[in-house]
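What follows is a set of notes on a single structure, which appears directly below.
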Amino acid sequence: MKKIIIKVGTGVLTRESDGQLDGASLVKLVTAIADISDQGYQVVLVSSGAVGAGISGLGLKEYPADVPTRQACAAVGQTRLMHAYENLFRNFGVSVAQLLLTADDFNDAERSSRVRDTLAKLSEMGNIIPIINENDSVAVEEISVGDNDMLSSRVATLLDADMLVLMSTIDGLISPETNEVVREIENIDSVLNYARADRGKFSIGGMATKLQAVKRTVDAGIDTVIMNGTRPYRLAAVVAGDGVCSRFKTQ
Ligand code: GLU
């Protein structure tokens, strides 16, 4: 069974206008994930959106500058997020399981093997989609993995996944020459060099940290793609090796 780790960003899950969870976007996403799960892929979802959902849930107007308020937002938003996923996946006869992790869960061999065992058991039980997020209510600075691109990379390597799919609000890396998605990237280092030198071969606005996570994953021998999470109907084609996305080859 092919193991696919899918990371979905806050931009896909929440509405830009008011920061609320975007119900329409979630329906499309869950439908696409349930579809590939039904096809026999083993899926683990790494979902952001807790802080975003908590901000609107607590009636705040903007992203909180201080850590305790962000942690409170995550605590409120995480339950909303899981509630939404649980209700939607139920339509497909699929259960969800929540794992909230910190960097320690990866750095400590004993703890990481427990995480692996839990995920293996869930997979064996069948019809369960594990949904992972950083444990934002406790993970700050030194015990934080950082961002969810990196978290999903660490999950992918921990599980020795077949593919990591990063779902963002863009179709992939865009070539400014053709204005089209760069479908295959043979060498992640060349992209990172362009990014550093700002030579404009690829538009990577806001993607520098994402590309670091891509590099880490590709270097570990796991195929990685960036695709548009607002068009999740492409997922089935993407995991089958086709579809609109940027595909980073392992070396
Ligand atoms: N864990 C954060 C959240 O759920 C998101 C972090 C990230 O997207 O990088 O809101």
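Order of listing sets the numbers, starting from 1, for every ligand and every atom in it. The chain is numbered in sequence order, starting from 1.
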- Show which residues join V51 in its hydrophobic cluster (side-chain heavy-atom contacts under 4.5 Å, direct or indirect), or state none.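 Direct or chained contacts put V51 with I55, L58, L60, Y63, V76.
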Heavy-atom side-chain proximity of S152 to L164 below 4.5 angstrom: yes
Salt bridge (charged side-chain N to carboxylate O under 4.0 Å, His left out) pairs touching residues 12-33, sequence neighbours excluded, are R15-D18
Applied to residues 235-251, the salt bridge (charged side-chain N to carboxylate O under 4.0 Å, His left out) test, sequence neighbours excluded, yields E184-K249
Under the 3.5 angstrom rule, does the side chain of S246 hit a backbone N or O of V182 as a donor-acceptor pair?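 A pair under 3.5 Å: yes.
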Checklist entry - Quick check: does any side chain N or O of R216 sit under 3.5 Å from a backbone N or O of S153, one acting as donor and the other as acceptor? => result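 Side chain of R216 to backbone of S153, a donor-acceptor pair under 3.5 Å: yes, one is there.
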Identify the protein atoms, limited to N or O, that lie within less than 3.5 Å of an N or O atom of ligand 1, and list each pair with its distance to 0.1 Å.
{"from": "ligand 1", "atom 1": "1 (N)", "to": "N133", "atom 2": "OD1", "distance (Å)": "2.9"}
{"from": "ligand 1", "atom 1": "1 (N)", "to": "D136", "atom 2": "OD1", "distance (Å)": "3.4"}
{"from": "ligand 1", "atom 1": "1 (N)", "to": "D136", "atom 2": "OD2", "distance (Å)": "2.7"}
{"from": "ligand 1", "atom 1": "4 (O)", "to": "G49", "atom 2": "N", "distance (Å)": "3.2"}
{"from": "ligand 1", "atom 1": "4 (O)", "to": "A50", "atom 2": "N", "distance (Å)": "3.0"}
{"from": "ligand 1", "atom 1": "4 (O)", "to": "N133", "atom 2": "OD1", "distance (Å)": "3.4"}
{"from": "ligand 1", "atom 1": "4 (O)", "to": "N133", "atom 2": "ND2", "distance (Å)": "2.7"}
{"from": "ligand 1", "atom 1": "8 (O)", "to": "S48", "atom 2": "OG", "distance (Å)": "2.8"}
{"from": "ligand 1", "atom 1": "9 (O)", "to": "N148", "atom 2": "N", "distance (Å)": "2.7"}
{"from": "ligand 1", "atom 1": "10 (O)", "to": "G49", "atom 2": "N", "distance (Å)": "3.4"}
{"from": "ligand 1", "atom 1": "10 (O)", "to": "A50", "atom 2": "N", "distance (Å)": "3.2"}
{"from": "ligand 1", "atom 1": "10 (O)", "to": "V51", "atom 2": "N", "distance (Å)": "3.0"}

